[in-house]
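Below is one structure, written out as structure tokens; the observations come after it.
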Amino acid sequence: MTDVRSALRGAAQRLEGVSDTPRLDAELLMAHALGVERQALLLDPARFELPSRFDDLIALRLQHEPIAYILGYRDFWTVRIGVGPGVLIPRPDSETLIEAAVNYFGATGPKRILDLGTGPGTLLYAALAEWPAATGLGVDASDIALDYANENGLTLRLEGRTELMLGDWTRQVEGAFDLILCNPPYIADSETLMPDVADHEPAGALFAGADGLDDYRRIIPDLPGILAPGGVAILEIGHTQHISVSELAEAAGFSVACRQDLGGRDRALLLTRA
């Protein structure tokens, strides 16, 4: 009879053709099938019996189903974000925005936070968890995304400090915010993505016109009217878009600084009043 260790080795080998992290995927799916955290599995795999549903989960991953959709969540910064079909999966690179915000505000933190294109609430809830005195507004054009954001707010017990709004970027947004976060679509329409992404995640959260800048052109000119004095807007960018998006921001009257992700790639632009 196959034990858990052997099943993990075999699954990792099978997943090598569809994943950059086959062993990690196998471990996450095994832990999910067992109903335990991955750390508990790794601590003593021998104490578990091989779950019958493990092969079914591996079969889904072999069909390029995103690992986060299979698990139903993705850990991000200090929070666990529930996700599923129809919402953008949080990426580790996006944690650069939260890290930049923490460095900017320190422990005092912002009072009001706006997350444009909040999706399942990824950046919003990571920021609210960081600063317990802050309140936040998450805006998204997708009902599906807002349903997930609502559920995540309840799960994280942040619903009392959160407002969610169906909207088109900054339209209908009123007031001034100390911290504005935004991870807009920034992939050019002609770019080819991995099957995990292209076949499963929502195109509207990924693609942004011929050069990938369409949404920046819509968002950035409106930011001066909703950014509080002393505040900062932090935008995620594609790693080749530093100059192009900076030019848009400078034309709107902002000073711009750039932060790199853990891979050393340009990832976040900090916009402050010039």
Side-chain angles (χ1 to χ4, degrees), residues 60 63-77 79-91 93-95 97-98 112-129 134-175 177 179-187 189 193-209 212-223 225-226 233-236:
L60 289 174
Q63 296 169 12
H64 295 282
E65 181 86 8
I67 190 79
Y69 284 179
I70 300 173
L71 299 178
Y73 69 86
R74 171 63 65 84
D75 289 328
F76 181 87
W77 197 248
V79 295
R80 175 161 288 183
I81 300 295
V83 295
V87 298
L88 187 71
I89 297 170
R91 267 70 168 176
D93 289 345
S94 299
E95 292 185 353
L97 280 70
I98 302 299
R112 296 192 72 202
I113 300 168
L114 172 63
D115 183 13
L116 293 170
T118 192
T122 303
L123 295 172
L124 179 62
Y125 294 136
L128 289 176
T135 60
L137 169 63
V139 180
D140 205 283
S142 165
D143 287 308
I144 296 174
L146 289 178
D147 284 344
Y148 275 97
N150 182 62
E151 287 298 318
N152 285 326
L154 293 170
T155 301
L156 295 167
R157 298 182 178 179
L158 294 172
E159 75 277 9
R161 297 160 51 203
T162 304
E163 180 185 356
L164 299 172
M165 184 173 73
L166 186 69
D168 182 14
W169 295 126
T170 59
R171 290 184 183 179
Q172 301 175 307
V173 173
E174 298 179 351
F177 298 85
L179 171 61
I180 300 175
L181 297 164
C182 184
N183 177 16
Y186 55 73
I187 298 171
D189 290 345
L193 302 178
M194 296 292 289
D196 300 34
V197 179
D199 296 343
H200 295 276
E201 295 190 66
L206 297 167
F207 296 101
L213 301 177
D214 281 4
D215 288 291
Y216 296 112
R217 294 189 180 98
R218 294 187 56 204
I219 296 164
I220 290 174
D222 292 338
L223 295 181
I226 56 175
I234 307 179
L235 311 181
E236 181 162 335

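Only heavy atoms go into these numbers, but all of them, side chains included; no hydrogens, no water, no symmetry mates.
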- Item | Donor-acceptor pair, side chain of Arg218 and main chain of Trp169, under 3.5 angstrom |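 No; zero donor-acceptor contacts below 3.5 Å.
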For residues [X] and [Y], determine if any side-chain heavy atom of one lies less than 4.5 Å from a side-chain heavy atom of the other.
X	Y	value
Thr135	Glu163	no
Asp222	Val173	no
Asp115	Tyr125	no
Pro90	Trp77	no

Shortest non-hydrogen contact from [X] toward [Y]:
X	Y	answer
Ala208	Asp215	CB-OD2, 3.5 Å
Ala149	Gly119	CB-O, 3.5 Å
Ala145	Val87	CA-CG1, 3.5 Å
Asp196	Pro66	O-CG, 3.4 Å
Gly86	Pro202	O-CG, 3.6 Å
Glu95	Phe76	CG-CE1, 3.4 Å

Distance, nearest 0.5 Å, that separates [atom1] of [X] from [atom2] of [Y]:
X	Y	atom1	atom2	result
Thr118	Leu123	OG1	CG	7.0 Å
Thr170	Ile226	OG1	CD1	5.5 Å
Asp143	Asn150	CG	CG	12.0 Å
Leu137	Ile180	CG	CD1	10.5 Å
Leu146	Leu166	CG	CG	6.0 Å
Leu181	Thr122	CG	OG1	11.0 Å

Ring geometry between Tyr186 and Tyr216 (parallel below 30°, tilted from 30 to 60°, perpendicular above 60°):
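Taking Tyr186 first and then Tyr216, their aromatic rings lie parallel (interplane angle under 30°).
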Please tabulate, for the side chains in residues 151-160, all donor-acceptor contacts under 3.5 angstrom to protein atoms that are two or more places apart in sequence or on a different chain.
{"residue": "Asn152", "atom": "OD1", "partner": "Gly82", "partner atom": "N", "Å": "2.8"}
{"residue": "Asn152", "atom": "ND2", "partner": "Gly82", "partner atom": "O", "Å": "3.1"}
{"residue": "Asn152", "atom": "ND2", "partner": "Pro120", "partner atom": "O", "Å": "2.9"}
{"residue": "Asn152", "atom": "ND2", "partner": "Tyr148", "partner atom": "O", "Å": "3.1"}
{"residue": "Thr155", "atom": "OG1", "partner": "Glu151", "partner atom": "O", "Å": "3.0"}

Derivation of the side-chain contact (heavy atoms from CB on, under 4.5 Å) call for Ile89 and Ile67:
CA-CA 10 Å; Ile89 297 170; Ile67 190 79; over 6 Å; no
Worksheet entry | Non-neighbouring partners of Glu201 that pass side chain to side chain donor-acceptor pair (under 3.5 Å), sequence neighbours left out |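 By the side chain to side chain donor-acceptor pair (under 3.5 Å) rule, Glu201 matches Arg91.
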